[in-house]
Amino acid sequence: MHSIMSGVKYQQYESFDYAKIAAEVLTYWNQNQVFEQSVAIREGSPNAPALRFTFFEGPPSANGTPGIHHVMARTIKDIFCRYKTLQGFQVERKGGWDTHGLPIELQVEKELGITKDHIGKPESEGGISVEDYNKKCRETVMRFTDQWNDLTQKMGYWVDLDNPYVTYKNEYIESVWYLLKQLYDKDLLYKGYTIQPYSPKAGTGLSSHELNMPGTYKDVRDTTVVAQFKVKPTGKSGFLFFDSSDADVYILAWTTTPWTLPANSALTVGKDIDYVLVKTFNPYTFQLIHVVLAKALVSRWFNEKGHQADVNSPAFDAYLPNDKVIPWAVVSEVKGQHLEGVEYEQLLPYVQPDKPAFRVILGDFVTTEDGTGVVHTSPTFGADDFRVAQAAGIPPIMVKDETGKDVPIVDKHGLFVDEITDFAGRYVKEEYYSDEERADPDFKPTDVLIAIKLKEENKAFRVEKYEHPYPHCWRTDKPILYYPLDSWFIRTTAKKDRLVELNKTINWQPESTGTGRFGNWLENLVDWNLSRSRFWGTPLPIWRSETGEEVCIGSVDELKKRVQSAQSSDVLTDEQRSKNNAFLEKLGGGDYDLHRPYVDEVYFVSASGRVMQRESDLIDVWFDSGAMPYAQWHYPFENQDVFNRSFPADFISEGVDQTRGWFFTLHAIAGMLFDSVAFKNVVSTGLVLDKNGNKMSKRLGNAVDPFATLAQYGPDATRWYMITNAEPWDNLKFNTEGIGEVQRKLFGTLSNTYNFFALYANLDAFSFAGRSIPVAERPELDRWILSKLQSLILEVEEQFDSYNPTKAGRAVQDFVNDQLSNWYVRLSRRRFWSGVSSDGKMTADKQAAYETLHECLTTVAQLMSPIAPFYADWLYQNLTGANTSVHLTNFPKAEQALIDTELETSMELAQDVSSLVHSLRKGHKLKVRQPLSRVLVPVLSADTRRQIEHVAPIIMSEVNVKGVEFVDDASGILKKKVKPNFKALGPKFGKQIKDVAAAITAMSEDDLKQLEASGSWQLPVGVITLADVEILTEDIPGWLVASEGGLTVALDVNVTDELRWEGIARDFVNRIQNLRKDRDFSVTDKITIVLERNDDVLATAIEANRDYIQQEVQAVSLDLVGDLNGRGPLATEIDMDEFQLRLQVDKA
RNA sequence: GGGCUUGUAGCUCAGGUGGUUAGAGCGCUACACUGAUAAUGUAGAGGUCCGUGGUUCGAGUCCACGCAGGCCCA
């Protein structure tokens, strides 16, 4: 931007550099601490306590660089905080950093060139101590803080970065521990197990990312079994026996892991899958059987040659053992949901469950892609199995270990336990045996032995080898097992109903995320698995003895007391005692650390005199972030008052991907411990995609650099584009060209409008000092734009209040472009450059114009300031001249009294009529500079007539006609047209509507007159009234007519001599103005004109409009001479349509 | 595979409760304006409203089933 003319009231600019404007405003904010002020000025007094609006910042992780989507997310947050500030609320926003978690650990592993296995190993083996490793994590996690802070500043996100909460700080962890202890005391924190990938040979669980490493999945040939589960004849299963002629009924289930069959406790079917009962023979025992499997998979297991249409086909009787083709026939068909609850006999009854099991349940993961459409379910060896079994109340098959604890039937080495008598001590996977053992000719894998046993017992329908991909441990290269591993859980299911209830009080934007995605998630809640087997995170504050005595620690003080009391017992070893001492010393010195390994080296003594050690788990980082409402204030150890006044949050906003992340953890903790929501309003935002709709990724190179974007376009246009282009919850296809468009369209127009104002205001030394001309006394146009302005304020306020920044922004944009710039300013231009009365004072009209435009611009600056904070401040301060930031003002209050809907309607008619006239002129090549005598507007109602009369002068000047005339019905020259009003006719005539519509369209003019006169009209099918039709005029015979949307105008295109002369005069003025401009004359320079008289028509036209011309071009003289030759070098020739102007123009 | 979501002009998007002629901006074409001027205005062209069925006198809009993209979860 380049400022010209300094030392005037309103700064004028030659050009606009929006990025530079933002940078200057940022400096201003920082120098004047505007953000701090914006919070401070809303501080209440004892008599008038502050209205508070609480916002929670979802902490970003600073271990990566910020992307353009962060600009989007933070713009949303910023908008509503700024808006509420304008509304008079005090909005404190504490920043925060998410510092724990797997991504950070993985990054550190990568940078150190190590794997998880190296952590905690001695250096001599190439390892790194947990202490050093965590130190590295701590350094890494804040590495890009500077970049983040820089972005925060440059994009104009107001948040307190000086006192952020940091999740790795001791105070934060202590608060988290407090919360965990609260849960523990309410019996909402317990130790259970989950099914996880586990490598028996490595003796360790694998994380999902370890499972995703390349080469993990390998094709293997496994022995697979279709097992026959014998149905018990009960009321539930009766229908299966109805047609089975006393033969046994079996449900078929396929498994690629036969070793899990002794742990079977349920069969899972799909609710909507079709199943059939098939009569056939077992291929190994040749017994007649009836089996149940999915209809879609019949052909997978049965040979088409054996198909019998009839259940009683003689083929069944003719069947002999070992016949190649086994006959089969479909007996009946049933939906999966009707199989639910059917009971069956335990397949391999080695171990009895402690609750009823062995029945059919429903699961959403069942497919008919392969197998039999029935899934053999063993809750100890499958994650899906575990989940559906738990939901259906089916117990797992477990045995007791030596300490009395429930354990699965396969031990941690991959061996069957003693209870599985036939296979006790055998590895479940043949790959776990050594190569030598497998080389023995008599060696048989356990799966095969199981298959043989099943065949012999008439429990196997098919045994076959099958090749499929199976995950392997990347360390040992052996197949993994899905295996139950210890985990700590939060019993969210216990509070599910309350969480669902509380959710209904939250205002979700968009609503569907709350009712749908989040609501469904709550409805199907499972217990929250807190455990993570990692190093850098909040340690689980639970200590346990070998016999299961437990204590949960809820504060540093409690920890200290526990350690101290342990020191006074004689149970600890010397080493444990000295570790404890070391910790106590650090605690005393204040330089303690609640992370691993330090808390692992703290030992308690239980009531029964046993050593207690910390459970090695860390907690899910999501608990960290969900704990921020409390932990950010170190609640309840400090700041109880701050917490109490700022909980729950009024507003939060994050990406929709956080639904099950932050949104949930906030909600769960608040609901379970405080019986409250954590937030009242939430905006979940969509993704920022590239301009082709693809996900942005650094790898693909289509990621947009936020710093480059902000540098090129400035933050205001960038923010405005992001907000107004798509609603925040829709995905945004980010295209930088769109920012350019916003810049030209909105900011360019607005800047031009401001500059226009400044130019003339400075010339006239206008200075805004409130409304000196009462609005009621201002011209139509002023009252109209002020009315529009009030409507805009209401609209913007409503949209911001309902958390829709997109509609708020679009409303401002429409006002600026369509109403203010394109109509108000364009039509008012003349008022700004004329209008000085004889005594040199401004006329009231001009004063009104300045005041009106000024008010519109300052109000717009306020309305747009939440979205475009820098530019709005710049504009506001330019306009007010005061050194007061727009962000410290109060949101404008709409003045209802100024809203004149009648006037707004009138002006709309003026715009429509003008548009139609332009269209007509264009069609007849009559340019606007050629004056015409009149437009004719047919009006059927007095209202419309009055409304247009109001704005007739505006129409006349806009389309350059001498008059606006009306024709009404009485004139008799209108040709009317009638159209059916379907909305009214529909309910009345229903199916007959087509006939009615045809009859109405066919009405003659006489018919129409009768309808108008009597108010009703008889049709063959019934009576219609005036309300059932729409009557409009579309034509005036003999006139040039255009119509649109029920409005019709006719234009008198007859150009009289006078009109023609005036048109020529206008053209002449135009050419002179061009000339003035070419010669760089100043706006105030007076001139003399000498014109050669070379055409009579031209001369007549000039003479006839001499006064007008001289005034327009500020000519003190206008002489027509016979011949310009010889009058000097300044003579000019200009083409003007059919004329050739030869003239000389000089400064007077 | 499940839940949620999106699909309207070349591009980005509007289109309360169903009403017969589906809109805007950008881009494109033409013209105008030239005292807001690297600005501005006006007009025009441009559509299988993702598809198929259904409900209805009438569907971009309601219902069902699909197709394609996206997010989350398996």
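Every chain is numbered from 1, with letters handed out A, B, ... down the list of sequences. A quick note: this is a predicted structure, and the numbers were derived from the prediction, not measured.
Residue-level contact check: A:V366 touches neither bases nor backbone, having no heavy atom under 4.0 Å from any strand. Counting non-hydrogen atoms under 4.0 angstrom, A:N1070 reaches the backbone sugars and phosphates but no base. Using a 4.0 Å heavy-atom distance criterion, A:N752 is classed as a base contact. Using a 4.0 Å heavy-atom criterion, one finds that A:D384 contacts the sugar-phosphate atoms exclusively. Using a 4.0 Å heavy-atom criterion, one finds that A:R826 contacts the bases of the nucleic acid, with or without backbone contacts as well. Among the protein residues, A:T659 comes within range of no part of the nucleic acid, since none of its heavy atoms lies under 4.0 Å from any strand. Within 4.0 Å of A:R921, counting heavy atoms only, lies no atom of the nucleic acid at all.
Nearest to the side chain of A:R387, among B:A14, B:G35, B:A74, sits B:A74. Nearest to the side-chain atoms of A:R660 among the listed nucleotides B:C72, B:C26, B:C71 stands B:C72. Of the candidates B:C71, B:A74, B:A14, B:C71 carries the atom nearest the A:V656 side chain, counting heavy atoms from C-beta on. Checked against B:A36, B:C33, B:A14, the side chain of A:R929 finds its nearest nucleotide in B:C33. Distances from the side chain of A:L687 to the nucleotides B:C26, B:G70, B:A14 place B:G70 closest.
Among residues two or more places apart in sequence or in another chain, the side chain to side chain donor-acceptor pair (under 3.5 Å) test is passed with A:Q1110 by none.
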*Can you list the steps and then say if A:D814 with A:R810 is a salt bridge (Lys or Arg N to Asp or Glu O under 4.0 Å)?*
CA-CA 6 Å; A:D814 289 348; A:R810 284 176 180 170; over 6 Å; no

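Across every strand in view, B:A45 sits unpaired, with no contact that passes the Watson-Crick or G-U test at under 3.5 angstrom. As the counterpart of B:A24, B:U12 is assigned, both hydrogen-bonding distances of the Watson-Crick or G-U wobble pattern falling under 3.5 Å.
For A:S821 against B:A36, a side-chain-to-base donor-acceptor contact under 3.5 Å is present. A:E737 contributes no side-chain N or O that forms a donor-acceptor pair with the base of B:G27 under 3.5 Å. Side-chain atoms of A:R517 and base atoms of B:C71 include a donor and an acceptor less than 3.5 Å apart.
No close placement of the A:Y760 and A:F766 rings is indicated, their centers lying 6.0 Å or farther apart.
Side-chain N/O atoms of A:R830 include none lying less than 4.0 angstrom from OP1 or OP2 on B:G35. The phosphate of B:C26 has OP1 or OP2 within less than 4.0 Å of a side-chain N or O from A:K745. In this structure, A:N822 reaches the B:U42 phosphate: one of its side-chain N or O atoms is under 4.0 Å from OP1 or OP2. Look at A:S915 and you'll find a side-chain N or O under 4.0 angstrom from OP1 or OP2 of B:A43.
With C1' as the reference atom, B:G15 and B:C73 are 33 Å apart, rounded to whole Å. With P as the reference atom, B:G51 and B:A68 are 15 Å apart, rounded to whole Å.
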